[in-house]
There are 2 protein chains.
Amino acid sequence: MPKATRFDHQTVVEKATNLYWEKGFHATSMRHLQEVIDMRPGSIYASFGSKEGLFREALQHYADLSLAQLAIHTQNTDSPVGALKMFFKSVVIDSRHTAPSSMCMLVKTISELTDDNSELLAEAKRLLSVIEQSLQDILQKAKEHGELSESENTTRLARYLQMQLMGLRAYARTTDSDALLTQMIDDIFVHEPFLLKSR
Amino acid sequence: MPKATRFDHQTVVEKATNLYWEKGFHATSMRHLQEVIDMRPGSIYASFGSKEGLFREALQHYADLSLAQLAIHTQNTDSPVGALKMFFKSVVIDSRHTAPSSMCMLVKTISELTDDNSELLAEAKRLLSVIEQSLQDILQKAKEHGELSESENTTRLARYLQMQLMGLRAYARTTDSDALLTQMIDDIFVHEPFLLKSR
DNA sequence: TTTTACCTTGAACGATCGTTCAAATCCAGT
DNA sequence: ACTGGATTTGAACGATCGTTCAAGGTAAAA
């Protein structure tokens, strides 16, 4: 009757990530998780330790995905800023129709969790800072391609972009109009080739 | 031993709002709620119907607070834009040290909830749109005070500000530096007296 | 084929979840 | 002071929560 062949770690983490991403940490029950990843409690706890342990792996997996997506857009391009804009549209608009949630899983996590789960909270913050650093690296490349003035502060700009992305993806949950979001992203990347004019 | 004097509806909703705001819907247990609002299950269910019913009242109360705060800042001023900026700083920075969460309770709610609680989700979205409309009204006043060009699209600008506020308050959860957030708000309201340059 | 080390299984545990309701209590009207 | 309708109380309910562990199954070594 049982199957009991060894589970595929990669597949399991993917499925767990999608469920956690959609429902959040608290609203995801181990029972539901068991069905989705097709594992029994004993196996789950032997492999991941706890509900928190599996969530931690899910967070890491999500961040890896995000960084990979960012890399795909920006490598082998002579317009890092254009690539960044494409990345924004891809993440904000396309993924609304395919991903478990329009929102960033890391933002959902820091939004939901409190000090009652301080380790997971800290881990989500850490991963967000890694992504922000990655944005900064791309802005640095933009400088080297002459898309950004040497006098620009990439740290500040990366922080600003990160904040905008959080806002866009949260706002995306309040509307069904892709056109609206497209316009908002165009507003962020105002001038060709770049940027929030101002400063 | 018991007290059994009639409960104060206003106070109870305030306390419930603060707990829901901090913990979110799912992580707030009725047991904890009972302690905080000092009511027994029977009374709660007689007055509010369910955990969802009380949460609905909390959402409404939160939105009322937000609108009142916005009104206080903007009435009796000849610089609606300046008032808007003050409002942003007050909400993003000050409330980090006083409020249950740096994040907007409505954004936390649309972030956490799924179609499993579609009524509450819809209500949170509705209240967000009310606030966005209120932002638009202030931008209209800014036009009348000559702070904003008549050609500006207030609908679009209000949407943009709403998105920025969502982003700022989410980002606020990732840092302890008030200076950073102050700078970001200054960046949003770039030119004296106003606005994201560009369009 | 038998042994052995590892992995999976699924029933079961105590704790906690949201909710109900009969009994106790309060307070306004007489 | 008494009554009667409204309100609060707190024990209790079934369901579900995250987690544990003895038992059973698998696969590679001997």
Side-chain angles (χ1 to χ4, degrees), chain A residues 1-17 19-59 109 112-121 123, chain B residues 1-17 19-59 109 112-121 123:
Chain A
M1 169 111 320
K3 56 181 188 59
T5 174
R6 263 174 198 69
F7 76 94
D8 184 292
H9 192 276
Q10 163 81 1
T11 306
V12 160
V13 172
E14 274 176 18
K15 288 179 177 172
T17 300
L19 185 60
Y20 275 132
W21 187 359
E22 183 196 347
K23 302 268 190 188
F25 179 74
H26 285 114
T28 300
S29 71
M30 290 304 290
R31 300 297 215 282
H32 195 175
L33 216 30
Q34 288 164 34
E35 293 175 12
V36 168
I37 69 179
D38 192 24
M39 285 178 75
R40 261 40 63 195
S43 290
I44 298 176
Y45 280 84
S47 304
F48 302 100
S50 64
K51 185 185 181 186
E52 296 206 6
L54 181 48
F55 191 78
R56 188 196 309 280
E57 291 220 23
L59 284 181
T109 300
E112 176 185 8
L113 297 188
T114 64
D115 288 334
D116 296 346
N117 302 93
S118 55
E119 288 186 25
L120 291 179
L121 182 55
E123 179 65 3
Chain B
M1 171 104 323
K3 57 181 189 61
T5 172
R6 265 178 196 64
F7 76 95
D8 183 287
H9 193 276
Q10 163 82 0
T11 304
V12 160
V13 171
E14 273 177 18
K15 288 180 176 171
T17 300
L19 185 61
Y20 274 132
W21 187 359
E22 183 196 346
K23 302 269 188 189
F25 179 74
H26 286 114
T28 300
S29 71
M30 290 304 291
R31 299 293 211 288
H32 195 176
L33 216 28
Q34 288 163 35
E35 292 175 14
V36 168
I37 69 180
D38 192 25
M39 286 177 73
R40 262 40 65 195
S43 290
I44 298 177
Y45 281 83
S47 303
F48 302 100
S50 65
K51 187 185 181 186
E52 295 207 8
L54 180 48
F55 190 78
R56 186 195 308 279
E57 291 219 24
L59 284 181
T109 300
E112 176 186 8
L113 297 187
T114 64
D115 289 334
D116 296 347
N117 303 93
S118 55
E119 288 186 26
L120 291 179
L121 182 55
E123 179 65 3

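The sequence lines fix the lettering, A, B, ..., with proteins before strands; numbering per chain opens at 1. Keep in mind it's a predicted model, so treat the numbers as computed, not measured.
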Using whole Å, what does the distance between atom [atom2] of nucleotide [N] and atom [atom1] of [X] come to?
X: B:Met30; N: D:dT9; atom1: CE; atom2: P; value: 14 Å
X: A:Arg40; N: D:dG25; atom1: CZ; atom2: C1'; value: 13 Å
X: A:Phe48; N: D:dT20; atom1: CZ; atom2: C1'; value: 18 Å
X: A:Phe7; N: C:dC6; atom1: CZ; atom2: P; value: 16 Å

> Taking C-beta and beyond as the side chain, do A:Glu119 and A:Arg56 meet within less than 4.5 Å on heavy atoms?
Replying inline: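 Yes, at least one pair of side-chain atoms sits under 4.5 Å.
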> Once you round to the nearest 0.5 Å, how far does CG of B:Leu54 lie from OG1 of B:Thr17?
Replying inline: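 Here the rounded value is 7.5 Å.
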>> Quick check: closest heavy atoms across B:Thr28 and B:Leu33, and the distance to 0.1 Å?
In response: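 Nearest pair, atom of B:Thr28 first, then B:Leu33: CG2-CD2, 4.0 Å.
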> Nearest heavy-atom pair of B:Glu22 and A:Thr114: which atoms, and what distance?
Replying inline: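 Taking every non-hydrogen atom into account, O-CG2, 3.5 Å.
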Check the interface with nucleotides 11-16 of chain D: list each N/O to N/O pair with the protein under 3.5 Å, or write none.
none

> Which residue pairs satisfy the ring-ring contact (aromatic ring centres under 6.0 Å, His included) criterion with at least one member in residues 29-56 of chain B, sequence neighbours excluded?
Replying inline: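 Sorted result for residues 29-56 of chain B: B:His9-B:Phe48, B:Tyr20-B:Phe55, B:Phe25-B:Phe55.
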>> Show, in sequence, the C-alpha distance, side-chain angles and deciding distance for B:Asp38 and B:Lys15, and conclude whether the salt bridge (Lys or Arg N to Asp or Glu O under 4.0 Å) test is met.
In response: CA-CA 10 Å; B:Asp38 192 25; B:Lys15 288 180 176 171; over 6 Å; no
> Between A:Glu112 (side chain) and A:His26 (backbone), is there a donor-acceptor pair under 3.5 Å?
Replying inline: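 A pair under 3.5 Å: yes.
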> So, B:Asp8 side chain and B:Thr11 main chain: donor-acceptor pair closer than 3.5 Å or not?
Replying inline: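 The answer is yes, because a donor-acceptor pair under 3.5 Å joins these two groups.
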Atom pairs under 3.5 Å, N or O on each side, protein against nucleotides 22-24 of chain D: can you list them with distances?
none

> Between B:Ser43 and B:Lys51, which has a closest nucleotide on DNA chain C that is more 5'?
Replying inline: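 Upstream on the strand: B:Lys51.
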> Can you tell me if the side-chain N/O atoms of B:Tyr45 get under 4.0 Å from OP1 or OP2 in C:dT20?
Replying inline: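 The answer is no; no side-chain N or O of B:Tyr45 sits under 4.0 Å from OP1 or OP2.
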